[in-house]
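These notes concern the structure reproduced below.
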2 protein chains.
Amino acid sequence: MTRTEPRPAGPTLAVVARAAAVSIPTASKVVNGRKDVAPDTRRRVTEALDALGYVRRPRLTPRHPPPLIDLVVHCLDSTWSGAVLRGVEEAAHEAGLEVMISGGLTRTRGGRPERDWLDRLALRGTSGVLFNLAELSPTHYAWLEQHRIPYAMIDPVLDPPPGVPAVGAANERGARSAVEHLLSLGHTRIAVVGGYRRKQCSSARVAGYRAAMAAAGLRPRAEYVRYADFDTATARARTHELFALPQPPTAVFACSDPMALGIYQALAELGLRIPQDVSVVGFDDLPEAEWVTPALTTVRQPLREMAATALRQLLRMRDGGAPPGARTELPTRLVERHSTAPPRPLAHDQRLGQRSLCRTTHGT
Amino acid sequence: MTRTEPRPAGPTLAVVARAAAVSIPTASKVVNGRKDVAPDTRRRVTEALDALGYVRRPRLTPRHPPPLIDLVVHCLDSTWSGAVLRGVEEAAHEAGLEVMISGGLTRTRGGRPERDWLDRLALRGTSGVLFNLAELSPTHYAWLEQHRIPYAMIDPVLDPPPGVPAVGAANERGARSAVEHLLSLGHTRIAVVGGYRRKQCSSARVAGYRAAMAAAGLRPRAEYVRYADFDTATARARTHELFALPQPPTAVFACSDPMALGIYQALAELGLRIPQDVSVVGFDDLPEAEWVTPALTTVRQPLREMAATALRQLLRMRDGGAPPGARTELPTRLVERHSTAPPRPLAHDQRLGQRSLCRTTHGT
DNA sequence: CTGAAAGCGCTTACAG
DNA sequence: CTGAAAGCGCTTACAG
């Protein structure tokens, strides 16, 4: 905890008023920018205010939450968070609010935020809380309701209770466009590396994959569908499994860019080239998609805008607006870069490792 | 600006006290965790507090700044800021403080922060302000002093007035280690791409380059020293200039990782391979150094620790500790990855573009 | 332990 | 325009 100790005391309004030779109410008017003050009086008071370094303390009552919103992120130094932070900060600035970074849920135990954090939040007040990628428990929701703290979710892992703003991307459609792109290139043996097996947010992308395959008359084999918990290292391991299959895929759709990076690593370890030997598509369009070689073709998720939208919805509700209907889905867009190409001719029937043999022959 | 309007009013202490059938002072004691309350009374009050969702408002006087610190960053979605944010947040959490993101200086005009931001900062109070990569004007310093707001600088562009904590990395030594590494590989035609020509922070790295060259008995040619304002695109342009020279370098030291990325781009455009044709060393060790191919050899700057250190120094001073002497410099470390190798034999005398001709011959 | 009384640092009518 | 008076939402002694 902070010290509440000595520290040079700033002057009170009374001191300023005395210095300017006016009453306290008059000084108060100047501080609050009221009009009914004579120019000369205003000048004298302003000077005293400046000279003494008066610091105004807003009165904080439950009716007047401080002009700030809380952003809860799990990991502060990911490029994901960077995009979200920027979107939130811009929208907050527009609304005259500042942004407090909350580590509360980061240091969660068993899904429960630190009691300290909750207490402090209630203590200082907030105009609202924005949860990024969060999975709140019923206890959280109850607590927020009880304290009448408005909140909203950015790309929630689970859908929040009805009436709570939740903004995500068009996961199913986005995934579909990724797979359709691979299909149009001529791939049929397309694998998918999903995020969490059971969570709705990532199952929508796998569903998009299935839908695109089905629309092309293809039934994806069970062994082509893997899950890697949105983790780079796990995706790398899954890729090794995929390419140890009797019939490895010719293309892989990763349900997130960080997982695509894991696929890149595994492919490099296997001596397979992207996109000549294997095509890879990601999902997110984080900055690393451009830094990697070859630059990653991926589905762009408008993170900044998602974050800004969530904040605006929160504010609208707080000000008495109607709650948004269901989850808001912002459109995605396929960004074609250099990680995809038509499949290698013989790849269908041969192990991909035996590259040198396949140069001239043609498969199916 | 925010609305200060209706909003469901939280209960006042008086309401809670009435509900618990105690006096206001007694309710106040419970809220403040005082000991002199009977257990049963405390229970009744606590229940009323919870049931009514009472939100405590700390009294904010100049003697009691809110338990929060402000972090001012220029760009929220860079990996640099991510590292700094994380370091600050961790150190702040340790100290029981929360972190407010300030866009104030981001939206600066002519070096002056928005008046709005300054006013608001004074209004709500802060335990201190941390400036990241900032260049403050005398006006800023005066304002901060007048309002008795403690502050510190993380990797300042210009050194702040004496007595103000400033934490950076050992720029000169770090740069020297980068160039010594290239020297030890056998390079002699080593170019440097610096940040800002006139700013102290980046000139220290160029000085390190010169020192290492001099120690090896080499005098760097003037045309091998370029400046690119810490900008990727500019670094790319400078690289094209460098390799249009009659005698292009065999290695380039970039004074930041983002500039190294620009060098990568230019080299790819020129058909030059890293590290076979040209070696590249960066400075920072941001995440992208690992994502790029080949992985970048670079000088690691402990950003998280720099940020945490700046915060701790600020807090120590606020609590009456002695100001740190001069700028604090944290040690750097060369991280060897895959962007450096010995120079190509003939590279000294031939244009690097003519690769195929040089395979078997040997130069100086 | 409890709470009436006084005080703090304002702000809000409102009389002049 | 100005400021005495009343009020707000507490907290701080302190008497019982």
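Hydrogens, waters and symmetry mates play no part in the numbers below; they use all other heavy atoms, side chains included.
Residue Asn132(B) holds its CG atom at 6.5 Å from CG of Leu71(B), rounded to the nearest 0.5 Å. Taking CD of Glu305(A) as the reference point, atom CG of Leu303(A) lies at 10.5 Å (rounded to 0.5 Å).
Considering every non-hydrogen atom in both His140(A) and Leu136(A), the closest pair reads ND1-CA, 3.5 Å. When all heavy atoms are compared, the tightest approach of Ala27(B) to Ala17(B) is CB-CB, 4.0 Å. Among all heavy-atom pairs drawn from Leu311(A) and Ala92(A), the shortest one is CD2-N, 3.4 Å. Nearest heavy atoms, Gly87(B) versus Ala308(B): O-CB, 3.8 Å. Among all heavy-atom pairs drawn from Pro165(B) and Gln313(B), the shortest one is CB-OE1, 3.3 Å. Scanning all heavy atoms of the two residues, the minimum distance from Val84(A) to Ala307(A) falls at O-CB, 3.5 Å.
Using a 4.0 Å cutoff on non-hydrogen atoms, the parts of residues 38-47 of chain B near DNA chain C are Ala38(B), Pro39(B), Thr41(B), ordered by number. A heavy atom lying under 4.0 Å from DNA chain C marks the following residues of residues 21-29 of chain A, by number: Ile24(A), Pro25(A), Ser28(A).
Looking only at distances, no side-chain donor or acceptor of His93(B) sits under 3.5 Å from a matching main-chain atom of Glu90(B). Arg44(B) contributes a side-chain N or O that, together with a main-chain N or O of Ala20(B), makes up a donor-acceptor pair within less than 3.5 Å. Of the possible donor and acceptor atoms, one in the side chain of Ser81(B) sits under 3.5 Å from a partner among the backbone N and O of Cys75(B).
Rounded to whole Å, the P atom of dA5(D) lies 24 Å from the corresponding atom of dC1(D). Annotation: dG7(C) and dG3(C) have their C1' atoms spaced 16 Å apart (nearest Å).
The side chain of Asp36(A) has dT2(D) as its nearest neighbour among dT11(D), dG9(D), dT2(D).
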> DNA chain C in dot-bracket, Watson-Crick or G-U pairs under 3.5 Å, [ ] crossing, | other strand?
Replying inline: |||.||||||||.|||

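Following rounding to the nearest Å, Arg18(B) (CZ) and dG3(C) (C1') show an atom-to-atom distance of 16 Å. Between the CG atom of Leu13(B) and the P atom of dC8(C) there is a distance of 20 Å, rounded to whole Å.
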